[in-house]
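Just below is one structure, and these are the notes that go with it.
Keep in mind that the numbers below use all heavy atoms, side chains included, and drop hydrogens, waters and symmetry copies.
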Amino acid sequence: MARTGRPAAAATTPEKPVKAARAKPATKAADKTADAGDKLAYGVPALEKGLDVIELLATQSKGITQSEIAQLLGRSLQEVYRVVMALERRGYIQRRPGEDGFFLSNHLHVLANQYPPMRRLLDAALPIMYSTSIAAYQALHIAILDRLAIRVVAQVDSPAPLGFRLRVGTQNPAASTASGRLLLAFQPPAIRDWVMAEIERTAPETDMVALKRRVETLHRTGYEIIAGEGLQGITDVSFPILDANGHALAVLTMPYLPSSKERVSLETASRAQFAAAKAITQLFDGTLIEPNFPLAPIREKRPPARPT
């Protein structure tokens, strides 16, 4: 056995010097280094491989095979095989019948919606959104802040024969969307400052100046309205959903699409939308101050264009 091959002296090394070494005072810098080393030592390679697979599939528009997964991750097929099988068994990834390519399932979205605050928000908002979409004759969606982006978590279609909508799960940069800028305007200062600092890492200085000024203006107006930002012909109108502290839990947005036979004007639709945002906000003990209608365009410089 391997143990019998060790020198006898190793087994009889006195413990006292070791204890004395441990008793030496450590500096704060040394403590921090040790803590960092401990954190790295507790890595979970199998879990990290699984997260790598999930994050990779989240960027793919079509199914990819195990060998493609291994190649894209820079790992061997043996390394990813068991991880992929486990993720498929647990329902996080799936294959279409008769195909070998894997793609991300809706399981993560289902889990996110089971998180109590999110579930409560959707349960409160959806009935109001359905009735409002009929009154406004437009589609509506709710978005939340997801790091530097917004993510659509609820959506209802327009009753009109033709309309525009964003799918649930859609993600867009916060800085270049009506929903995102309004969410930033009503975030707690610490969160807003962190997001701004992260955006500033890659954004030109002139774009950041325009973004900061517009966000400040939105906090005063209490709404965002902008035409033709995502698609020509669509006017995005957003109102916040606030909690008791005046912070935005989410944003209710209407991508207003006029028709040749206009049944509901932008002003009437915006009033109905505001009433919906106010009703949802009240369910969370928040308060919305009604703006002057018709909504005035935001005079601050147009925010930076969405990257292509």
(request) Please answer whether the main-chain N or O of Gln273 pairs with a side-chain N or O of Thr132 as donor and acceptor at a distance below 3.5 Å. (result) no

(message) Going by ring pair (Phe, Tyr, Trp, His ring centres under 6.0 Å), name the residues that satisfy it together with Tyr92, two or more places apart in sequence or in a different chain.
(response) His107

(message) Any salt bridge linking Arg181 with Glu229? Criterion: basic side-chain nitrogen under 4.0 Å from a carboxylate oxygen.
(response) yes

(request) Verify the neighbour count for atom CG of Asn292: are there more than 12 heavy atoms of other residues, nucleotides or ligands below 6.0 Å? (result) no

(request) Determine whether Ile134 and Val237 fall in the same hydrophobic cluster, where Ile, Leu, Val, Met, Phe, Trp and Tyr are linked whenever their side-chain heavy atoms lie under 4.5 Å apart. (result) no

(message) What verdict does the side chain to side chain contact (heavy atoms under 4.5 Å, CB included) test give for Gln71 and Gln66, after you've listed the backbone C-alpha separation in whole Å, the side-chain angles of each residue and the deciding distance to 0.1 Å?
(response) CA-CA 9 Å; Gln71 183 179 6; Gln66 287 192 47; over 6 Å; no

(request) Could you tell me whether a side-chain N or O of Asp146 sits under 3.5 Å from a main-chain N or O of Ala149, the two making a donor and an acceptor? (result) no

(message) Given 3.5 Å as the limit, does a donor-acceptor pair link the side chain of Arg151 with the main chain of Gly169, or not?
(response) yes

(request) Apply the test side chain to side chain contact (heavy atoms under 4.5 Å, CB included) to residues Leu56 and Leu73: give CA-CA distance (whole Å), side-chain angles for both, the deciding distance (0.1 Å), then the verdict. (result) CA-CA 8 Å; Leu56 171 65; Leu73 292 178; 3.9 Å; yes

(request) Mind checking side chain to side chain contact (heavy atoms under 4.5 Å, CB included) for Arg96 and listing every partner two or more places apart, or none if nothing turns up? (result) Glu99, Phe103

(message) Side chains of Thr287 and Thr281, heavy atoms from C-beta outward: is any pair under 4.5 Å?
(response) no

(request) Find out whether Leu288 and Gln282 are in side-chain contact, i.e. whether some heavy atom of one side chain is under 4.5 Å from a heavy atom of the other. (result) no

(request) Verify, without hydrogens or angle tests, whether Thr170 (side chain) and Leu166 (backbone) share a donor-acceptor contact under 3.5 angstrom. (result) no

(message) Can you tell me if Lys278 has over 12 outside heavy atoms packed within less than 6.0 Å of its NZ?
(response) no

(request) Indicate yes or no: at least one non-hydrogen side-chain atom of Ile142 is less than 4.5 angstrom from one of Leu126. (result) no

(message) Using 0.5 Å steps for rounding, measure from the OH atom of Tyr256 to the CG atom of Leu140.
(response) 12.5 Å

(request) Please identify each residue that fulfils side chain to side chain donor-acceptor pair (under 3.5 Å) with Arg147, with sequence neighbours left out. (result) none

(request) Please lay out, stage by stage, how Arg201 and Glu198 fare under the test salt bridge (Lys or Arg N to Asp or Glu O under 4.0 Å). (result) CA-CA 5 Å; Arg201 290 174 182 270; Glu198 290 298 308; 3.1 Å; yes

(message) Can you tell me if Arg213 has over 12 outside heavy atoms packed within less than 6.0 Å of its CZ?
(response) no

(message) Membership question, hydrophobic clusters at under 4.5 Å side-chain separation (ILVMFWY): are Trp194 and Met196 in the same one?
(response) yes

(message) Working note: Arg75 + Lys49, criterion side chain to side chain contact (heavy atoms under 4.5 Å, CB included); need CA distance, chi angles, decisive distance, verdict.
(response) CA-CA 9 Å; Arg75 298 183 180 273; Lys49 291 175 189 176; 3.6 Å; yes

(request) Verify, without hydrogens or angle tests, whether Thr253 (side chain) and Ser238 (backbone) share a donor-acceptor contact under 3.5 angstrom. (result) no

(message) Which residues pass the side chain to side chain contact (heavy atoms under 4.5 Å, CB included) test with Val264, not counting sequence neighbours?
(response) Tyr137, Thr268, Ala269

(request) Could I get the full list of side chain to side chain contact (heavy atoms under 4.5 Å, CB included) partners for Glu68, not counting sequence neighbours? (result) Ile64, Thr65

(message) Quick check: do Leu249 and Ile144 have side-chain heavy atoms less than 4.5 Å from each other?
(response) no

(message) Using the ring pair (Phe, Tyr, Trp, His ring centres under 6.0 Å) criterion, which residues pair with Phe102? Sequence neighbours excluded.
(response) none

(request) Write out all pairs satisfying ring-ring contact (aromatic ring centres under 6.0 Å, His included) with one or both partners inside residues 146-167, taking only residues at least two apart or from two chains. (result) none

(request) To the nearest 0.5 Å, tell me how far Asn245 CG sits from Asp285 CG. (result) 10.0 Å

(request) Mind checking ring pair (Phe, Tyr, Trp, His ring centres under 6.0 Å) for Phe186 and listing every partner two or more places apart, or none if nothing turns up? (result) His219

(message) Suppose the criterion is ring-ring contact (aromatic ring centres under 6.0 Å, His included): which pairs have a residue in residues 263-285, not counting sequence neighbours?
(response) Phe239-Phe274

(request) Just do the side chain to side chain contact (heavy atoms under 4.5 Å, CB included) check on Ile298 and Glu224 with the steps written out, would you? (result) CA-CA 7 Å; Ile298 306 300; Glu224 167 71 299; 3.3 Å; yes

(message) Once side chain to side chain donor-acceptor pair (under 3.5 Å) is applied, do any residues pair with Glu48, and if so which ones, sequence neighbours excluded?
(response) none

(request) Only counting residues at least two apart or in another chain, list the ones meeting side chain to side chain contact (heavy atoms under 4.5 Å, CB included) with Arg271. (result) Glu267, Glu290, Phe293

(message) Do Val215 and Arg192 have side chains that approach each other closer than 4.5 Å (heavy atoms only, starting at C-beta)?
(response) yes

(request) List, by chain and then residue number, the residues other than Ile289 in its hydrophobic cluster (Ile/Leu/Val/Met/Phe/Trp/Tyr, side-chain heavy atoms under 4.5 Å); write none if there are no others. (result) none

(request) For Arg90, look at atom CZ and say whether over 12 heavy atoms of other residues, nucleotides or ligands are found less than 6.0 Å away. (result) no

